[in-house]
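Working notes, structure below.
All of these numbers come straight from a predicted model, not from anything done at the bench. Chain letters run A, B, ... following the sequence lines, proteins first and then strands; every chain starts at 1.
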Amino acid sequence: MDKAYDSKLVEGKIYRMWEKGGYFKPKIDKKKKPFTIILPPPNANADLHLGHAMYVIEDIMTRYHRMIGDPTLWLPGADHAGFETQYVFEKELAKKDKSRFDFPRDVLYKMIWDFVHENRGKMENQLRRLGFSLDWSRNVFTLDQTVVTTVYTTFKRLFDEGLVYRGLRLVNYCTKDGTGFSDLEVKHVERADPLYYMKYGPFILATVRPETKFGDTAVAVNPKDKRYKKWIGKEIEVEGLLRKFKMKVVGDDAIDPSFGTGVAKVTPSHDFTDYEIAKRHNLPMKQVIGFDGRLTDIAGPYAGLKVKTAREKVVEEMKTRGMIDHIDENYTHTVATCYKCGTVIEPLPLEQWYVKIKPLATQATKAIKEKKIAVVPRRFEKHMIQWLTNFADWNISRQLVWGMRIPAWKCQSCNEWTVTEGEEPNQCSKCHKTKLQQDTDTFDTWFSSGQWPFATLRVAQGKLSDFRSNDFNYFYPTSVMETAYDILPWWVCRMIMLGLYVTNDVPFRTVYYHGLIRDSKGQKMSKSKGNVLNPLRLIDQYGADALRFSLVFGTAAGNDQSISEDKIRGMRNFANKLWNAARFVTLLQSETKKGQQDITFKKEMDRIIHKVTSYMDKFNFNAASELLYESFWHWYCDQIIEQAKNGKISKTVLHEGLLSYLKLLHPFMPFVTEELYQKMPGWNGTPLIVSSWPV
RNA sequence: GGACGAUUAGCUCAGUGGUAGAGCGCUGCAUUCACAUUGCAGAUGUCGCAGGUUCAAAUCCUGCAUCGUCCACCA
């Protein structure tokens, strides 16, 4: 054996041995309760980042349960990541001076498909480099036909039961990316913008968006506001930029008398509050901003201008015509922006598919409150219930090509929608006419990933070999969902809602949240900041075991952590310590002489085994790793090995102790422990990964 | 405006009722001893602040401060 542990010589070889040996596949035993984790599917076309390495917690659980004898499945997958991927692909197109509009839909789809599949293997090999014991024979892609069919079936059932409906309302629309979003994809940022006090008939009113004035259909005041009470219900005459026009005054509680002058213009097509006011007062809608982010014909000479330019021109013209009273230049407010590209989100009126959330969320909340799903750490239970209580109906339509096209066809005669489980209908379900046109939109990616736990396990449904068709019945509900807390509303809550709806059972019995990884200064890692640490580089330099151990050591569940290379180096040293302790033990000649401290040693070893096991069962991997590190280094190595040199501990007992440590440490540091286990004298030929946990 | 988290050794963080902990760093000593990716010895903290509960509080309660995160339609 070499004097130092060299991870490069070991990791590839060991992983191939595991994979070839089929050790990642569960041994199904109907009499035993399985342990199941579904890996949160990384984007198929993107490299892993350090955050993905936190899934090591799932590998720790998986390896532990495999060793205690549970039929254990950790199922891998890849996400087509609709919007994210199309966004990246469009950037690639832009480099070649092309855009998505240069290609027919099916050609574009094919191009993105190829793009994704060229990159897909990369991510999967990175998961292997981390040592993840995923059952690759069950690998699933979100666009696999069986998954698509499952998602379509759910959509149809939701539609048939009135839980999905077509609605025309204001949508969060990014005019740059050309798609609408759900509320969650909107990022609110604080910003300073001029607040224009403009003359509006008999009033002066404040607005940051004078360019939308062509879409005004009323003026609103608070009904309790004494200053304006007499105007409510009356019509006012306003000198506009285009012409003189008449405008109704309505009283509405949404108006805050203390803001501005207490008078607001109502632009129902471009403001959520105004839209609500319009609904209450039956006001017409006038769309002045188009989906291209330019003003429509309603804006007369300003038509065709982009919003920003239009605002400047409108303000300029109003200034020269004395229509602006004054401008508050120090006004700060929050603006809705696209979470991806930062463009200001325009609320625009658009017909979309919505999931009625209330009935689904009620079920989900009930399941959490009744402890059908345990939440680790506990504090996130409150977050989840808050989210479930506050969710608005979910817009699942996206104006994208990359994704599952919505299986809904609109009748050209009666305008009714026919929804199927994917097959093209030959007639309208209402009027039976045959001229139908499919919705051009695709599903929000989260609508499909929200069904991931059962969609993955149902993947075969009798179509493939037998052992897989029974997966759903055997492995569902899954044991643990382990993910970063930042996708709690996007993903976890939706999985619970859709899981309960479709399967009548929770999708997982426990949800464990890990924190985010930040750089050594505590800042969020991002490509633009240039502080991203590549997990592969760290693995190359320190070994996968060291990286893995440093991610769980000293990290409480749900807390963010700053990663530092110093820490990883320290854990590499620990792997090396393990290596050398094992080297020492293997160098010993076997003998049967008893040592006077043997009993005491065994007792302490038992205590450690018991403690670590109990920590594992309680999801306290941090405590387990610390106890193992501390006791192995400073007790087993510093004291026991020294005692063994003096004959106080027998060599047999020392050897047994080491075997226990290799087993206990295996979930955390699978490579070095496996390598050493197989080097131990008297190894019986069974790999450590499928050996039994010490008791 | 609301919610949540953090505040503990120089740095990064564990610890949730019973005499303050780890990693890294620091100081001194040790080198043909399994390991210098090492060993031995050592220093360092009124556990954010102020009250309260308790025989006992870093830990529970109340209030405050600072930092951070998420949410929220003030035009």
Requested in this report: Select one nucleotide: of B:U38, B:U12, B:A34, the one nearest the side-chain heavy atoms of A:Phe584.
Outcome: B:A34

**Report entry** Nearest listed nucleotide, side chain of A:Lys577, among B:A34, B:U37, B:A14
**Finding:** B:A34

Report task. Would you mind classifying the nucleic acid contact of A:Glu381 as base, sugar-phosphate or nothing, using non-hydrogen atoms under 4.0 angstrom? Result -> nothing

**Report entry** Check: B:C35 base within 3.5 Å donor-acceptor of A:Lys3 side chain
**Finding:** no

Query raised in the report: Are A:Lys224 and A:Asp253 close enough for a salt bridge, meaning some N to O gap below 4.0 Å?
Result: yes

Report summary line: Checking A:Thr175, A:Thr212, A:Val171 against A:Glu346 for side-chain contact (heavy atoms from CB on, under 4.5 Å), the one that qualifies is A:Thr175

**Report entry** A:Arg537 with A:Asp540: basic N within carboxylate O range, under 4.0 Å
**Finding:** no

Report summary line: For nucleotides 68-75 of chain B, 5' to 3', base contacts (B), sugar-phosphate-only contacts (S) and non-contacts (-) with protein non-hydrogen atoms under 4.0 Å give --SSBBBB

**Report entry** Watson-Crick and G-U pairing of RNA chain B written in dot-bracket, each distance under 3.5 angstrom, with | for inter-strand partners
**Finding:** ((((((((.[[[[.)..(..]]]].(((((.......))))).....[[[[[..)....]]]]])))))))....

Report task. Check every atom of B:G15, B:A3, B:C35 against the side chain of A:Arg583 and return the nucleotide holding the closest atom. Result -> B:C35

Requested in this report: Would you kindly compare A:Ala556 and A:Asn576 by the position of their nearest RNA chain B nucleotide and give the one closer to the 5′ end?
Outcome: A:Ala556

Query raised in the report: How is A:Tyr629 classified with respect to the nucleic acid when contacts are heavy atoms under 4.0 Å: base, sugar-phosphate, or nothing?
Result: sugar-phosphate

**Report entry** A:Phe553, nearest nucleotide to its side chain (from B:A22, B:G5, B:A14)
**Finding:** B:A22

Query raised in the report: Where the side chain of A:Glu626 is concerned, which of B:A34, B:A14, B:C4 is the nearest nucleotide?
Result: B:A14

Query raised in the report: Do any N or O atoms from the side chain of A:Arg548 and from the backbone of A:Pro667 form a donor-acceptor pair under 3.5 angstrom?
Result: yes

Query - Neighbour count above 12 (heavy atom, 6.0 Å) for A:Asn282 CG - result: no

Report task. Name the nucleic acid region contacted by A:Asn559, choosing base, sugar-phosphate or nothing; use a 4.0 angstrom heavy-atom cut-off, strictly under. Result -> sugar-phosphate

Report task. Looking at every strand, decide which applies to A:Arg572 at a 4.0 Å heavy-atom threshold: base, sugar-phosphate, or nothing. Result -> base

Query raised in the report: Picking from A:Asp271, A:Val307, A:Val314, what satisfies side-chain contact (heavy atoms from CB on, under 4.5 Å) with A:Arg209?
Result: A:Val307

Requested in this report: Tell me what A:His634 touches on the nucleic acid: a base, only sugar-phosphate, or nothing, going by heavy atoms under 4.0 Å.
Outcome: sugar-phosphate

**Report entry** Check ion pair A:Glu642-A:Lys648 (N to O, under 4.0 angstrom)
**Finding:** no

Query raised in the report: Is the centre of the A:Phe574 ring less than 6.0 Å from the centre of the A:Phe553 ring?
Result: no

Requested in this report: Ignoring backbone atoms, test whether A:Lys382 places a side-chain nitrogen or oxygen under 4.0 Å from the OP1 or OP2 oxygen of B:C4.
Outcome: yes

Report task. Please state how far atom CG in A:Asp2 lies from atom C1' in B:U37, giving the value in whole angstrom units. Result -> 14 Å

Requested in this report: Establish, yes or no, whether a centroid distance under 6.0 Å links the rings of A:Trp635 and A:Phe601.
Outcome: yes

Query raised in the report: Reckon A:Ser564 has a side-chain N or O less than 4.0 Å from the OP1 or OP2 of B:C11?
Result: no

Query raised in the report: If you look at every strand shown and take non-hydrogen atoms under 4.0 Å, does A:Phe380 touch a base, only sugar-phosphate, or nothing?
Result: nothing

